[in-house]
Student: 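Can you read through this structure? Questions will come right after.
Note that the numbering runs from 1 along the sequence shown for the chain.
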Amino acid sequence: MKKIYRLLRILNHPLNRANKTTALARYIRWQIGARLLPAECALPFVNDTHLFAVRSMFGATGNWYCGLDEMEDMAFVLHALRPGDLFLDVGTNIGSYTVLAAGAVGANVIAVEPVPSTFNSLRFNVRLNNIDHRVNCLNIGLGETEGELRFTAGRDCTNHVLTPGETGESVLVQVKSLDNVCSERTPAVIKIDVEGYEQAVISGGKRTLANDQLHAVIMETNGCGQRYGWDDGSLIEKMRNFGFLTFSYDPFTRRIRPAQPETGPGTGNTLFIRNIEAVQERVAQAPRFHLVNGEI
């Protein structure tokens with residue numbers, strides 16, 4: 001049943017609707033190839049970049065199936081960044097956002113991934129795309145203060161800070177604050193995907209978030225914070241205090257509009273922008289990027 005749902009999601013993805021046949025062909029090719037290949041495979045990504053993948057590595061295969069798995073957010077990063085900008089990728093996983101920012105755009109990236117096994121995949125993708133000179137990979141977690149936290153391991157895209165009483169495979173990780181990691185530099189765009197631990201991350205980044213050079217923050221707001229006693233509404237209010245409001249992005253028209261409802265969707269990621277006029281000008285003037293299923 002899960003496979004059927006996943007296939008329907010792939011075929012109905014906005015970047016696949018015009019040609020569902022080729023999308024289905026990519027899906028079948030990978031399902032067969034992943035069972036026959038003895039090792040990882042480099043799958044085409046944005047422009048001349050690639051992501052390595054093995055069977056059940058959803059962080060990479062979703063982009064192969066759909067061009068950009070998280071279309072609105074990934075397209076926004078492509079269109080909002082410029083060569084030489086700094087992009088902070090918190091909760092990098094295997095590095096999809098890092099590769100498109102550093103490899104396709106030419107931005108500099110601080111990539112933060114706490115789980116060692118996933119961090120190794122991130123490093124592999126950075127080397128695969130020859131972007132070591134643009135990417136600083138950090139095998140740490142981010143929180144309000146420095147110290148150590150225990151993270152789950154072996155859960156692919158859903159690894160998170162362990163909650164009291166939670167059992168299973170885990171790993172102890174060094175933790176720093178967002179302000180410490182950025183030091184004197186300010187990112188143009190930040191992506192934070194830490195499975196509910198977002199409030200602690202932004203609490204450790206007050207200096208960076210207050211800097212007007214930070215244009216936008218993409219942050220997960222899907223209710224996962226409840227495991228730590230936080231809700232998305234308070235997260236959005238904290239961002240409002242830094243001058244950020246919630247928006248949605250249409251990568252086809254390149255228009256930024258207020259999110260509906262304004263307090264955020266609560267089902268995925270939320271796009272926070274402070275200077276809407278400046279960011280709208282940026283995305284409108286960005287070049288087009290080549291995907292496995294078209295351009296954007």
Side-chain angles (χ1 to χ4, degrees), residues 51-54 56-60 62 69-70 73 77 86-102 108-127 131-132 134-183 185 187 189-205 208-209 217-230 235 269:
L51 291 174
F52 97 91
V54 294
S56 299
M57 186 176 279
F58 300 119
D69 190 23
E70 298 178 353
D73 300 323
V77 170
L86 179 63
F87 175 60
L88 175 60
D89 190 358
V90 184
T92 310
N93 196 254
I94 66 165
S96 298
Y97 279 85
T98 288
V99 169
L100 64 82
N108 298 312
V109 180
I110 300 174
V112 178
E113 173 51 48
V115 180
S117 58
T118 313
F119 180 78
N120 290 336
S121 297
L122 163 66
R123 291 292 303 272
F124 192 104
N125 276 319
V126 168
R127 291 193 297 268
I131 53 176
D132 306 67
R134 295 197 191 110
V135 181
N136 180 16
C137 297
L138 301 178
N139 187 198
I140 61 173
L142 291 193
E144 184 172 1
T145 58
E146 295 194 18
E148 291 181 327
L149 286 171
R150 188 163 289 279
F151 284 74
T152 64
R155 301 190 187 184
D156 195 37
C157 300
T158 61
N159 283 311
H160 57 269
V161 174
L162 210 66
T163 58
E166 191 172 3
T167 59
E169 183 183 358
S170 65
V171 59
L172 190 64
V173 176
Q174 180 187 7
V175 174
K176 293 186 177 182
S177 70
L178 191 154
D179 282 340
N180 180 288
V181 165
C182 289
S183 187
R185 298 178 295 171
V189 179
I190 298 175
K191 185 219 82 180
I192 305 174
D193 183 355
V194 289
E195 299 298 315
Y197 209 65
E198 285 77 13
Q199 293 216 39
V201 173
I202 65 172
S203 292
T208 303
L209 291 167
V217 179
I218 299 169
M219 193 153 30
E220 191 175 50
T221 53
N222 63 359
C224 284
Q226 292 179 4
R227 62 163 61 105
Y228 307 108
W230 301 321
L235 177 64
N269 293 335

Student: Check the surroundings of atom CD in Q226: do more than 12 heavy atoms from other residues, nucleotides or ligands lie under 6.0 Å from it?
Tutor: no
Student: Can you tell me how far apart CG (L100) and CG (L51) are? Round to the nearest 0.5 Å.
Tutor: 8.5 Å
Student: What pair of heavy atoms forms the shortest contact from T208 to C182, and how long is it?
Tutor: OG1-CB, 3.9 Å
Student: At what distance, to the nearest 0.5 angstrom, does CG of L122 lie from OG of S117?
Tutor: 11.5 Å
Student: In a check of side-chain contact (heavy atoms from CB on, under 4.5 Å) between I192 and each of V112, D89, I218, I202, which one passes?
Tutor: I202
Student: Which atoms form the tightest heavy-atom contact between E146 and K176, and what is the distance?
Tutor: CG-CA, 3.9 Å
Student: Which value, rounded to the nearest 0.5 Å, describes the distance between N159 atom CG and E113 atom CD?
Tutor: 7.5 Å
Student: Taking the side chain as every heavy atom from C-beta outward, state whether V173 and L149 have any pair of such atoms under 4.5 Å apart.
Tutor: no
Student: Which heavy atom in V181 sits nearest to a heavy atom in L142, and how many Å separate them?
Tutor: CG2-CD2, 3.6 Å
Student: Considering non-hydrogen atoms only, spot the tightest contact between K191 and G91 and give its length.
Tutor: NZ-O, 3.1 Å
Student: Is there a donor-acceptor pair under 3.5 Å between the side chain of E195 and the backbone N or O of Y197?
Tutor: no
Student: Strictly distance-based, threshold 3.5 Å: is any side-chain N or O of E144 a donor or acceptor partner for the main-chain N or O of A200?
Tutor: no
Student: Going by side-chain contact (heavy atoms from CB on, under 4.5 Å), L88 matches just one of T92, V90, L86. Which one?
Tutor: V90
Student: Quick one: closest heavy-atom pair of R185 and I110, and the distance?
Tutor: NH2-CD1, 3.3 Å
Student: Rounded to the nearest 0.5 Å, what separates atom CG in N125 from atom CD1 in I131?
Tutor: 8.0 Å
Student: Looking at side-chain heavy atoms only, is the closest gap between V109 and Y97 below 4.5 Å?
Tutor: no
Student: Can you tell me how the ring of F124 sits relative to the ring of F52, calling it parallel under 30°, perpendicular over 60° and tilted otherwise?
Tutor: tilted
Student: Working to the nearest 0.5 angstrom, can you tell me the gap between R123 CZ and C137 SG?
Tutor: 5.5 Å
Student: Can you give me the closest heavy-atom contact between N139 and P114, atom names plus distance?
Tutor: ND2-O, 3.0 Å
Student: Mind telling me whether H160 and Y228 have parallel, tilted or perpendicular rings, with 30° and 60° as the class edges?
Tutor: perpendicular
Student: Can you confirm whether V201 sits close enough to Q199 that some side-chain heavy atom of one is under 4.5 Å from a side-chain heavy atom of the other?
Tutor: no
Student: What distance separates E70 CD from E220 CD, expressed to the nearest 0.5 Å?
Tutor: 8.0 Å
